Amino acid sequence: MTEGGLALRLTEAIRKAVHDLYAVELDDIISTRPKKTSLGDAAFAVAFDLARSAKMAPRKIAEALASELGEIEGVQRIEVAGPGYLNFFLDRAAFIDGLIGGETAPKAPSTKVIVEHTNINPNKAAHIGHLRNAALGDTFVRVLRFLGEDVEVQNYIDDTGVQVADVVVGFLHIENMTQKDVERIEATGRFDYTCWDLYARVSGFYEEDRARLELRAATLKAIEEGNAPEAPLAAFIANAIVRCHLLTMDRIDVRYDLLPWESDILKLRFWDRAYQLLKDKGAIRLSTGGKNEGCWVMDVGNPSGKSPANATQPDTPDENNEPDENDEKVIVRSNGTVTYVGKDIAYQMWKLGLLDRQFGFVRFHDYTDPDGVVWSTTAGEPSADAPPFGRGERVYNVIDTRQAYLQDIVQRGVAHLASEQARDRSHHFSYEMVALTPQTCRELGFPVGPEDESKPYLEVSGRKGLGVKADDLLSSLEEKALAEVESRNPSLEPAESGDIANAIARGAVRYFMIKTTKNRVIAFDFAEALSFDGDSGPYLQYAAVRAAKILQKVDAPLEPPDRPDETQAVRRAFENVPEAEADDVWALIFAAAELSSVARAVVRTEEPAHVARFALGLAQRFNGFYHKYHIAGEEDPSKRALRLLAVQIFLREYRFALNLMGIPIPRQM
RNA sequence: GCGCCAGUAGCUCAGUUGGAUAGAGCGCCGGCCUUCUAAGCCGGAUGUCGGGGGUUCGAGUCCCUCCUGGCGUGCCA
């Protein structure tokens, strides 16, 4: 934790030395970690940067800098290595002293950050792609909170889109059901699975007779205008499905502060307000001809470009300045209904505190624990004790990369209505999809055609009903984990085994969804997802369980001593153990101490996988240490004290790391 | 066509705003349970970092170009 302050001391010292010797101001001085611990704890390559301007060999410069630097608090010695690295060896005892003493770096004044994630269409069961979204989003939220940010988590409910309309069409026109019928079915349970199957059948229903697409359009309009029977049925379905999703996500410990409903954006006239502003600012125009005739459209001639159309000559000069229909995006359809993009512009504006409208809020769902509550927007009677939702300084939208084009248009809308600065406060936190290997498709019983066979992966399709449901995956994991737990611990009570198995399943799936870099497609494979060995959640959990077991065995507290008044004792202990062991102890502690900088890197790069890599590396290091050095049977007091301290520090930081990923630590495994 | 992403060991992937001998997991071979849990540890084999140019003390990383694959470019989201 203090490593931030130490790093600052080092860079400042180097900056001063470089200034004094070469009269050069270096703005970024980057510390890297040497490949081998024998090369020190922090390395600087500044000598290479200076070589040209100083017209000297890097090695000479590094040597000059090393002697100029002299004594630095917290640094034991400085070495010049290789072609010109400056390698710093830290004062280990002092570092540990600061680490456990809680000399916390001053936290930035916290600003409100809104993270929007999950956002599943409320018309079917959640699938593995949604698990990736939720795991990424929730990890990011936990990291932000760890760093002291004030975070509000929103799960946007698109209850007025085509997807819900399709299921309404399915119930009304395929099943010929009334709302009462649907309510009876819902009461029997697994409503999200029922809708999953029905939704898949709707596609076929349209394909049999394309004229039936009129039903979808009419249904959508009826929902938007609040007409019976479509509107109340849609509301019932969306509400019931959202409750299913909340339970599914609670299984992996993902929760939300607020559910903003798209229907409330319409009912409370957020959209009407944004629509008026978009027209007033000239951001959208009525298309008077061509395929988009009668629609309100936004011109998007320069996709993804931040500056408005650089006015370079178009590739098709034969079109005499006629706007290209491919360069316009429909915001309001010719029948007057608004697309998702339009509604999202209004929603983004509200999140940024830039729309002069406010929702009402009501409690939506209580979790079993006392303070677990999810709020919801409402167009009805609001609750008086609702928290002040909205008005984010920064907004992250966790949405898959296939929607990058739409997100770009939403952001253009925000820039039009507010400013470029407002747009920059909103981030599209984009990630790649979870696809299925052809093998997985076959295992699910879906026929794989010859042309799909050669593909690396196939896209999940809710429309076709092709996908692995989140609850099914979790149940498979729990089943496998339970079998393992029972075979390893036959004497456990069934309830106990069940709790442990659930924790393992949760750890496995959360780690699986986080460990791969977010912009890489995950080709889902059951065998890989169900693995409990090596680079997996259970491996990480196992290390924590072992560490806790040691401390329990020797009757030591889980935390290192909170007042490190024993710097001298630690220093002596380091001197009294063999050098190789001292290095191993130090390597474990120093690695664990990187947690904070890893957390900052996660936010800076919007990449949660960094925590996963960090935790894996730390677990591997601990497991090696665990096998090499024992505590319970050790009689040498210096060795014992140092090893104990290392395990305590490791466990403290490691538990934070697992918690950032929402990976629970079972009591035993 | 245009835009975005990806190409690293047999497979799945890391690789920290350019840095020291390119790393993990799985799989394979060989060891380790009377000492804190073997979901583990130790050792071994495995590389045209897609191809070609360029930038420089130094390139898997930056630039150009080509190839391959995926996604986007809907009055779906």
Side-chain angles (χ1 to χ4, degrees), chain A residues 28 30 32-36 39 43 45 48 51-52 57-58 81-85 87 119 121 158 161-163 165-166 216-217 220 287 291-295 297 300 303-305 315 326-327 329-335 337 339-341 344 399-406 408 430 432-433 435 455-457 459 462-463 481 484-485 488-489 504 515-517 519-523 525 527-528 531-536 538-539 541-543 545-547 549-554 597-598 601 604-605 609-610 612-613 616-617 620 623-624 626-634 647 668-669:
Chain A
D28 2 308
I30 310 286
T32 57
R33 290 193 65 173
K35 292 242 155 180
K36 291 195 294 192
L39 291 170
F48 300 110
R52 185 186 289 172
Y85 289 96
N87 289 345
N119 299 6
N121 276 307
D158 178 7
V162 167
Q163 307 226 16
D166 280 340
R216 170 200 277 177
L220 199 55
S287 183
K291 63 174 186 175
N292 294 331
E293 183 171 5
C295 299
V297 299
V300 286
S304 84
D315 304 325
N326 295 321
D327 288 346
K329 175 66 192 170
V330 172
I331 305 298
V332 179
R333 303 182 185 102
S334 54
N335 71 353
T337 57
T339 61
Y340 156 81
V341 176
D344 205 23
I399 298 174
D400 84 74
T401 187
R402 288 171 295 184
Q403 295 195 44
Y405 170 69
L406 294 183
D408 184 55
S430 97
E432 264 290 359
M433 62 179 167
K455 291 188 178 178
Y457 46 77
E459 205 172 338
R463 197 161 286 284
E484 291 282 338
V485 172
R488 288 158 200 265
N489 309 279
I504 291 170
K515 70 171 178 174
T516 306
T517 320
N519 59 0
R520 188 182 283 275
V521 176
I522 293 179
D525 177 76
E528 199 190 332
S531 167
F532 290 172
D533 300 323
D535 188 11
S536 71
Y539 175 89
Q541 293 171 311
Y542 195 60
V545 169
R546 280 175 147 177
K549 191 63 177 288
I550 295 172
L551 300 178
Q552 188 186 321
K553 188 93 176 180
V554 301
S597 70
V598 170
R604 190 178 64 246
T605 60
H610 290 309
R613 304 307 304 182
L616 177 68
Q620 287 171 328
N623 276 329
Y626 174 89
H627 280 272
K628 199 166 173 185
Y629 303 108
H630 286 214
I631 292 175
E634 181 55 57
V647 172
Q668 63 179 90
M669 285 176 76

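Since this is a predicted model, take the numbers as computed values, not measurements. Within every chain, numbering begins at 1; the chains are lettered A, B, ... in the order of the sequence lines, protein sequences first and strands thereafter.
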If you look at every heavy atom in A:Lys515 and A:Ala609, which pair is closest and at what distance? O-CB, 3.8 Å
Flag the pair A:Thr339 / A:Val330 as yes when at least one side-chain heavy-atom distance between them is below 4.5 Å, and no otherwise. yes
Ignoring hydrogens and angles, are the base of B:rU21 and the side chain of A:Lys36 linked by a donor-acceptor pair under 3.5 Å? yes
Closest approach to the side chain of A:Cys295, judged atom by atom: which nucleotide of B:rG40, B:rA20, B:rC75 is it? B:rC75
Hey, is A:Tyr539 doing a stacking thing with B:rG40, by the 5.5 Å centroid and 30° angle criteria? no
Taking only nitrogen or oxygen atoms into account, show me every contact under 3.5 Å that the protein makes with nucleotides 55-59 of chain B, one pair per line with its distance.
residue, atom, partner, partner atom, Å
B:rU56, O3', A:Arg52, NH2, 3.2
B:rC57, OP1, A:Arg52, NH2, 3.4

Side-chain (A:Asn489) to main-chain (A:Val485) donor-acceptor, under 3.5 angstrom: yes
Rounded off to whole Å, could you give me the CG-to-C1' distance for the A:Asp158 and B:rA77 pair? 7 Å
Are A:Phe48 and A:Tyr85 an aromatic pair, judged by ring center distance below 6.0 Å? yes
Classify the side chain of A:Thr516 versus the base of B:rC13 as yes if they form a donor-acceptor pair under 3.5 Å and no if they do not. no
Separation between the P atoms of B:rC75 and B:rU12, rounded to whole Å: 37 Å
Heavy-atom distance under 4.5 Å between the side chains of A:Arg546 and A:Asn623, does that happen here? yes
For B:rA20, does the base pair up with any side-chain atom of A:Asn87 as donor and acceptor (N or O, under 3.5 Å, distance only)? yes
Determine the stems involving RNA chain B; a stem requires 3 or more consecutive pairs of the Watson-Crick or G-U wobble kind, each with both distances below 3.5 Å, and the answer is none if no such run exists. B:1-7 with B:67-73, B:10-13 with B:23-26, B:28-32 with B:40-44, B:50-54 with B:62-66
B:rC41 versus B:rA24 - spacing of their C1' atoms, nearest Å: 16 Å
Scan side-chain atoms only and decide if A:Gln163 and A:Asp158 contain a donor-acceptor pair under the 3.5 Å cut-off. no
